[in-house]
Amino acid sequence: MTTVNHAATGAAIAITINSWWALPIALVSHFILDSLPHSKLKKNEVWAEIFMATLLTVSLSLLLRDKFSGWLVFWSAFISTSPDLVWGARYFRFKQQRSKITTEQMSTFSRWHIAIQWSESRRGIIVEVIWLALMLVYIWSRYNS
């Protein structure tokens with residue numbers, strides 16, 4: 001799943017649970033979302049996607065803070081995206097592109113993280129768009145209730 005969807009899901013979890021229990025649940029949500037069919041980003045799309053996820057995380061934290069904890073929304077959104085930070089680290093450390101990452105240098109956990117992403121394709125954008133729309137509608141409805 002893209003970073004934007006991970007962040008939106010983390011924010012939705014924060015406003016639903018509205019306690020610090022949202023943080024570990026947001027972390028688990030990352031792996032659940034990664035097991036769903038999702039899109040595969042090209043290298044030049046990754047930076048734009050990271051920018052959009054950062055913008056979404058900060059915006060939701062600020063916009064929702066009068067009804068929910070802005071810090072909880074921020075950290076839940078961030079933590080839900082954080083397992084993907086390893087791919088950036090691998091890229092800079094090993095100079096590996098996402099499509100060419102080899103599993104020899106990976107921990108068991110990282111190999112598992114790749115294995116659960118069984119359906120990563122350009123057509124996965126359909127799932128991505130539907131998921132994002134659902135999360136934003138849910139967040140908006142909770143904010144306005």
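The first residue in the sequence is number 1, and the count goes up from there.
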Validation row: F74, L62 side chains within 4.5 angstrom (heavy atoms) | no
Is a side-chain N or O of T81 found less than 3.5 angstrom from the main chain of F78, in a donor-acceptor match?
-> yes
side-chain hydrogen bond (donor to acceptor under 3.5 Å, both in side chains) contacts touching residues 65-74 (sequence neighbours left out) | D66-Y143
Pairs flagged by side-chain hydrogen bond (donor to acceptor under 3.5 Å, both in side chains) wherever residues 50-60 is involved - sequence neighbours left out | none
Search all heavy atoms of A8 against all heavy atoms of L132 and return the closest pair with its distance.
-> CB-CD1, 3.9 Å
Please report the closest heavy-atom contact between L33 and N5, naming both atoms and the distance.
-> CD1-O, 4.0 Å
Quick one: CG on L23 to CG on L72, what's the gap to the nearest 0.5 Å?
-> 5.5 Å
Have W75 and S61 got a donor and an acceptor in their side chains that come within less than 3.5 Å?
-> no
Identify whether M135 and M1 are in the same connected component of the hydrophobic contact network (ILVMFWY, side-chain heavy atoms under 4.5 Å).
-> yes
Rounded distance (nearest 0.5 Å) linking atom CD1 of I17 with atom CD1 of I25 = 3.5 Å
Transitive ILVMFWY side-chain link L85 to W112, under 4.5 Å | yes
Residues at least two apart in sequence or cross-chain that pass ring pair (Phe, Tyr, Trp, His ring centres under 6.0 Å) with W140, listed by chain then number, are none
Only counting residues at least two apart or in another chain, list the ones meeting side-chain contact (heavy atoms from CB on, under 4.5 Å) with I125.
-> S39, E128, V129
Heavy-atom check, side chain of L27 versus side chain of S80, under 4.5 Å | no
State, yes or no, whether a side-chain contact exists between M52 and L55 at a heavy-atom distance under 4.5 Å.
-> no
Does atom CZ of F51 have more than 12 heavy-atom neighbours, drawn from other residues, nucleotides or ligands, at distances under 6.0 Å?
-> no
Which pair of non-hydrogen atoms, one from V73 and one from A11, has the smallest distance, and what is that distance?
-> CG1-CB, 3.9 Å
Between V137 and I130, is there a shared hydrophobic cluster once you connect ILVMFWY residues whose side-chain heavy atoms come closer than 4.5 Å?
-> no
Do E49 side-chain atoms and T2 backbone N/O form a donor-acceptor pair below 3.5 Å?
-> no
Okay, side chain of R142, backbone of I15: is any donor-acceptor separation there less than 3.5 Å?
-> yes
List for me each residue that meets ring pair (Phe, Tyr, Trp, His ring centres under 6.0 Å) alongside F68, sequence neighbours excluded, and say none if there are none.
-> none
Taking all non-hydrogen atoms of both residues, which atom of A22 and which atom of I13 are closest, and how far apart?
-> O-CG2, 3.7 Å
Which heavy atom in L56 sits nearest to a heavy atom in V4, and how many Å separate them?
-> CD2-O, 3.7 Å
Can you name the closest pair of heavy atoms from A77 and A7 and give their distance?
-> CB-O, 3.4 Å
Which side-chain hydrogen bond (donor to acceptor under 3.5 Å, both in side chains) pairs, counting each pair once, include a residue from residues 11-36, with sequence neighbours left out?
-> H6-H30, H6-D34, T16-Y138, H30-D34, H30-D84, H30-H113, D34-H113, D34-Q117
